[in-house]
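Below, each value reflects all heavy atoms present in this structure, side chains not excepted, and no hydrogens, waters or symmetry copies.
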Amino acid sequence: MAENAKGAAGDGTSEKSPETPVDDAGERGEDTEAPVDEPGDGGEPDGTSPAEPDSESEPDSESEPDSESEPEPEPESDSEPEPAAAPARSRTRGRIAATVSVLGELLITAGVILALFVVYSLWWTNVVANREADRKSERVRDDWAADRGQDGPGARDLKDGIGFLHAPSMTKDDVLVTKGTDADELNHGTAGYYTKPVKSALPWDQSGNFALAAHRDGHGAKFHNIDKIGKGDPLVFETKSTWYVYKVYEILPKTSKYNVDVLDPVPKESGRKEDSRYITLTTCTPVFTSKHRYVVWGELVRTQDVDEERTPPEELR
């Protein structure tokens with residue numbers, strides 16, 4: 001019977017081995033235990049062999065991870081929305097970056113345009129205006145040299161300009177003076193005498209206020225350094241036949257641009273109360289603005305005839 005049992009056990013082992021992976025975890029336990037209990041010569045199974053399947057805690061413990069591993073995909077299912085949220089955040093950041101980039105380019109473009117406008121206003125307009133003023137000045141002097149005037153030889157030609165202002169403490173250049181103080185006139189790089197709201201006197205008038213205006217910045221900026229003029233400095237006006245020499249006696253560094261009293265025939269704001277032959281220079285202040293007006297007053301001290309060589313008076317030498 002032992003042999004039969006042995007044979008039966010041996011037969012049972014050979015028959016059960018293919019079934020082990022399918023159904024019976026206990027039988028898998030026997031198959032796995034066999035190499036341990038048998039020395040390799042097909043040793044007889046002892047009485048404990050049938051009870052060995054009860055020790056299937058190890059296969060159970062091995063199978064437990066299998067049962068526990070089943071819910072492992074759940075975190076993956078929980079994390080599935082994250083890949084969708086990440087592209088959404090990426091798209092949002094991309095739109096913000098694109099918006100910032102566009103705004104930055106617009107600001108840079110605006111800065112370049114502003115810089116070009118400043119260059120145009122403060123430099124290029126000076127170049128253009130000075131060229132035009134030079135052409136007008138040449139025509140005036142050519143007419144003087146040729147003794148041509150609107151009404152014939154010896155007459156004053158007021159078409160292109162009535163003469164030249166010399167203010168050595170303000171500029172070394174002579175400034176052509178034309179009729180009118182509108183922007184269209186002053187933008188040509190000249191100074192102009194007032195025709196409104198107060199009508200200016202002219203240098204050859206026996207009394208009155210010869211009132212002038214010019215740009216301080218841009219379009220020639222003929223009065224840019226008006227603040228360099230001081231009391232006692234000479235102002236000389238040159239015409240075809242006469243030098244008119246004035247002396248500065250008062251300066252008003254700041255007044256309202258609507259203050260037309262400074263242009264009166266007798267400018268009482270300057271301290272004068274009697275008729276005389278005055279000159280007034282006006283321009284914008286502070287520099288690069290037109291909020292207020294800067295005013296310089298002078299009074300005629302003498303005249304000098306122009307000789308053939310047009311020798312300037314000593315105040316200009």
Side-chain angles (χ1 to χ4, degrees), residues 122-151 154-196 199-205 208-226 228-229 233-246 248 263 277-284 294 296 298 300 303-304 306 309-313 315-317:
L122 301 182
W123 179 72
W124 182 247
T125 60
N126 286 342
V127 173
V128 174
N130 286 333
R131 287 176 181 173
E132 187 170 357
D134 289 343
R135 287 194 294 268
K136 285 187 174 183
S137 298
E138 289 178 4
R139 286 199 297 268
V140 170
R141 293 194 179 278
D142 288 344
D143 288 343
W144 288 356
D147 197 24
R148 293 193 301 266
Q150 281 183 313
D151 302 322
R156 294 190 181 94
D157 186 358
L158 308 181
K159 181 179 178 181
D160 292 317
I162 64 172
F164 298 89
L165 174 69
H166 300 264
S169 55
M170 179 176 68
T171 177
K172 64 180 181 179
D173 299 325
D174 51 7
V175 180
L176 179 64
V177 176
T178 59
K179 181 180 180 179
T181 56
D182 292 338
D184 291 341
E185 296 294 334
L186 301 184
N187 287 352
H188 297 309
T190 63
Y193 63 88
Y194 282 89
T195 58
K196 57 181 181 181
K199 185 177 180 180
S200 170
L202 295 176
W204 46 84
D205 292 337
N209 188 0
F210 182 36
L212 307 176
H215 285 302
R216 194 169 188 187
D217 297 291
H219 300 286
K222 296 305 181 181
F223 285 2
H224 181 74
N225 291 324
I226 193 172
K228 304 297 184 183
I229 299 175
D233 289 347
L235 299 174
V236 179
F237 190 74
E238 175 190 3
T239 66
K240 179 181 179 181
S241 58
T242 307
W243 301 93
Y244 296 87
V245 181
Y246 300 84
V248 175
L263 308 177
R277 299 168 76 174
Y278 300 103
I279 187 171
T280 302
L281 310 184
T282 65
T283 192
C284 300
Y294 195 105
V296 174
L300 185 71
T303 62
Q304 177 179 315
V306 174
E309 297 180 356
R310 301 197 71 86
T311 305
E315 288 82 357
L316 301 181
R317 290 182 239 166

Please determine whether side chain to side chain donor-acceptor pair (under 3.5 Å) holds for the pair Lys222 and Asn126, giving the CA-CA distance in whole Å, both sets of side-chain angles, and the decisive distance to 0.1 Å.
CA-CA 9 Å; Lys222 296 305 181 181; Asn126 286 342; over 6 Å; no
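- When all heavy atoms of Ser200 and Ala211 are compared, the closest pair comes out as OG-N, 3.0 Å.
- Taking both residues in full, the closest heavy atoms of Thr303 and Thr242 are given as CB-CG2, 4.0 Å, listed atom of the first, atom of the second, then distance.
- One finds the CD1 atom of Ile162 at 10.5 Å from the NZ atom of Lys179 (value rounded to the nearest 0.5 Å).
- Proximity of a side-chain donor or acceptor of Thr190 to a complementary backbone N or O of Ala133 within less than 3.5 Å is not detected.
- Side chain of Thr181 to backbone of Gly192: no donor-acceptor contact under 3.5 angstrom is found.
- Taken from CG in Leu165 to CD in Glu238, the straight-line distance is 10.5 Å, to the nearest 0.5 Å.
- To the nearest 0.5 angstrom, Ile229 atom CD1 is 4.5 Å from Met170 atom CE.
- Checking Tyr246, Tyr193, Phe210 one by one against Phe237, the ring pair (Phe, Tyr, Trp, His ring centres under 6.0 Å) holds for a single residue, Phe210.
- Smallest separation of non-hydrogen atoms from Tyr244 and Pro203: CE2-O, 3.5 Å.
- A side-chain contact (heavy atoms from CB on, under 4.5 Å) with Phe223 holds for exactly one of Leu186, Asp217, Leu281, Thr282; it is Leu281.
- Distance check: Thr171 OG1 to Asn225 CG gives 7.5 Å after rounding to the nearest 0.5 Å.
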Set out, in order, the CA-CA distance, both residues' side-chain angles and the distance that settles side-chain contact (heavy atoms from CB on, under 4.5 Å) for Val296 and Asp233, then state yes or no.
CA-CA 11 Å; Val296 174; Asp233 289 347; over 6 Å; no
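- Across all their heavy atoms, Tyr194 and Ala213 have their closest contact at OH-CB, 3.6 Å.
- Taken from OG in Ser169 to CG in Leu235, the straight-line distance is 7.0 Å, to the nearest 0.5 Å.
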Determine whether Leu212 and Val175 satisfy the following criterion, side-chain contact (heavy atoms from CB on, under 4.5 Å), listing intermediate values before the conclusion.
CA-CA 11 Å; Leu212 307 176; Val175 180; over 6 Å; no
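- A donor-acceptor pair is defined here as one N or O able to donate and one able to accept, closer than 3.5 Å; such a pair exists between the side chain of His224 and the backbone of Arg216.
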Can you check side-chain contact (heavy atoms from CB on, under 4.5 Å) on Lys196 and Asp182, steps first, answer last?
CA-CA 9 Å; Lys196 57 181 181 181; Asp182 292 338; 3.8 Å; yes
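- Asp173 has its side chain out of reach of Asn130: every pair of non-hydrogen atoms, C-beta onward, lies at least 4.5 Å apart.
- For Asp143 (side chain) and Val140 (main-chain N/O), no donor-acceptor pair under 3.5 Å exists by modelled atom type.
- Of the inter-residue distances, the one linking Leu176 atom CG with Arg141 atom CZ reads 9.0 Å to the nearest 0.5 angstrom.
- The heavy-atom pair separating Leu316 from Pro312 by the smallest distance is CB-CB, 4.1 Å.
- Taking every heavy atom of both residues into account, Trp144 and Thr239 meet most closely at CH2-C, 3.5 Å.
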